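In what follows, a single structure is set out as structure tokens and then discussed.
In listed order, ligands and their atoms are each counted from 1. As the structure is a computational prediction, the values presented were derived from the model and not from experiment.
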Amino acid sequence: MALRLPIGLAVTAPDLPLRLDLDTAALVANWRWFAEASGRALCGAAVKADGYGLGAREVVRRLAEAGCRDFFVATWAEAAALGPLPDGLSLSVLHGLREADVPAAIASSARPVLNSAAMVARWKATAPGRACDVMIDTGMNRLGLSPEEARSGVLDGLEIDTLLSHLACADEPGHPMNEQQLFTFRSVKAAVPARRYSLANSAGICLGQRYAFGLTRPGLGLYGGIPAPGAEGYIRKVVRPHAQILQIRIVPQGGAVGYGAIYTTPAAARVAILNIGYADGYLRAFGEGRGQALAGDVACPVLGRVSMDLLAVDVTSAPDLAEGDWLEIAYDLPSVSAVTGLSQYELLTSLGRRYQRCWL
Ligand SMILES: *Cc1c(COP(=O)(O)O)cnc(C)c1O
């Protein structure tokens with residue numbers, strides 16, 4: 001007899017032991033800060049990698065309501081996952097147009113960001129006259145046509161909406177690459193007609209309005225990351241992970257906690273086991289005291305190794321905690337990045353699928 005799986009059962013309302021509190025007001029305030037810093041340029045938003053892990057649809061909806069009109073994803077799958085966008089919103093697909101992307105691109109209202117002469121030829125054959133974006137590589141040696149290619153005539157006949165380039169070192173304001181890339185981008189701009197021009201990511205906006213051109217493309221800073229020195233104090237925290245306590249135990253002096261028994265308690269300790277682990281993006285880099293849970297003002301350090309789904313923290317100093325209580329996981333992006341060696345980008349994009357995402 002064939003095994004029949006039930007189809008169409010209503011999914012019960014999730015009551016998960018792990019959640020992300022996501023702050024709409026902070027997201028919008030961060031976008032407004034970048035919009036202001038962009039001067040006369042329009043300010044868009046990078047929502048690739050599912051809105052840096054927060055949920056791209058939810059981010060787009062909130063930023064569109066705040067006045068953001070231009071969004072960027074990496075792939076056509078990400079574009080499709082957003083669903084049809086309301087009129088007046090513009091979506092660009094940064095990775096451009098592989099042969100396999102042609103059907104998706106024809107069916108979509110998003111624009112490809114053409115990154116090579118081959119992609120340019122493919123778009124001319126696929127959708128002659130339809131608007132596209134073009135990426136110029138001004139020194140990062142990642143995606144894009146070289147400035148020489150861009151001036152060679154291969155772009156003739158294209159209807160270019162936005163001509164882009166991307167900065168390699170914008171998070172280091174004094175790095176000479178910034179001025180070099182700006183100079184190169186200006187020279188391409190003078191030779192290649194487009195409706196508008198765009199160079200700056202979050203950190204690029206912080207370099208000043210000379211970098212803003214017609215459209216900016218912040219990502220990291222919208223989600224609470226500090227993109228460059230000088231942005232501290234202006235960017236608000238958006239993401240706060242919380243995990244529920246599954247069990248509390250008293251570990252006697254000399255007791256071993258977790259895999260490898262690498263941590264033993266120097267004195268009797270109260271230990272809470274939380275429902276979060278490296279499969280939730282809370283990587284082993286947080287182990288051995290580098291991460292903390294927060295019980296109000298009390299910091300509860302991580303004990304031993306992070307498990308796949310579980311975490312032990314010392315709650316000796318928070319005697320009122322009980323099983324079923326929730327603890328915030330310390331996730332201040334710049335400081336946690338410094339302690340773990342993980343970048344702020346990695347900290348955001350590794351937040352997994354097992355969190356209940358709660359927009360406040
Ligand atoms: C990711 C990305 C951005 C946004 O960068 P942040 O550093 O997150 O602000 C902008 N432009 C391009 C081309 C990108 O790939």
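Taking 4.0 Å as the cut-off, M140 does not count as a neighbour of ligand 1 on heavy-atom distance. Not a single heavy atom of A203 sits less than 4.0 Å from an atom of ligand 1. Contact annotation: Y345 has at least one heavy atom less than 4.0 Å from an atom of ligand 1.
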Step by step, work out the side chain to side chain contact (heavy atoms under 4.5 Å, CB included) result for V47 and Y223.
-> CA-CA 10 Å; V47 296; Y223 310 113; 3.5 Å; yes
Does the pair E179 and R210 meet the rule for a side chain to side chain contact (heavy atoms under 4.5 Å, CB included), with working shown?
-> CA-CA 10 Å; E179 289 292 324; R210 294 186 307 140; 2.4 Å; yes
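Hydrophobic clustering (side-chain heavy atoms under 4.5 Å, transitive across Ile, Leu, Val, Met, Phe, Trp, Tyr) keeps V298 apart from V336.
Counting heavy atoms only, N201 comes closest to atom 5 (O) of ligand 1 of the residues N201, T216, L348. Of all the listed residues (H95, Q344, K48), K48 holds the heavy atom that lies closest to atom 1 (C) of ligand 1. The nearest non-hydrogen atom to atom 4 (C) of ligand 1, considering only R142, H166, R217, comes from R217.
When each atom of ligand 1 is checked for a heavy atom of L220 under 4.0 Å away, the hits are 6 (P), 8 (O), 9 (O). The distance from ligand 1 to the heavy atoms of G219 drops below 4.0 Å at these ligand atoms: 4 (C), 6 (P), 8 (O), 9 (O). Using a 4.0 Å cut-off to heavy atoms of P218, the atoms of ligand 1 that qualify are 9 (O).
With a heavy-atom cut-off of 4.0 Å, L94 touches ligand 1 through its side chain alone. Contact annotation: for S202 versus ligand 1, heavy atoms closer than 4.0 Å belong to both the backbone and the side chain. With a 4.0 Å cut-off on non-hydrogen atoms, F72 does not touch ligand 1 at all.
T162 and R196 are linked by a side-chain donor-acceptor pair at a separation below 3.5 angstrom, with hydrogens and angles left out of the test.
Relative orientation of the W33 and Y234 rings is parallel, given thresholds of 30° and 60° on the angle between their planes.
Looking only at protein heavy atoms, the nearest one to atom 8 (O) of ligand 1 is Y52 OH, 2.5 Å.
I160 contributes atom CD1, which lies 9.0 Å from atom CG of D133 (distance to the nearest 0.5 angstrom). The structure places CG of D101 at 10.5 Å from CH2 of W123, a figure rounded to the nearest 0.5 Å.
In this structure, L158 and K124 have side chains that are in contact, with non-hydrogen atoms separated by less than 4.5 Å.
More than 12 heavy atoms of other residues, nucleotides or ligands shown are found within 6.0 angstrom of CZ on R69.
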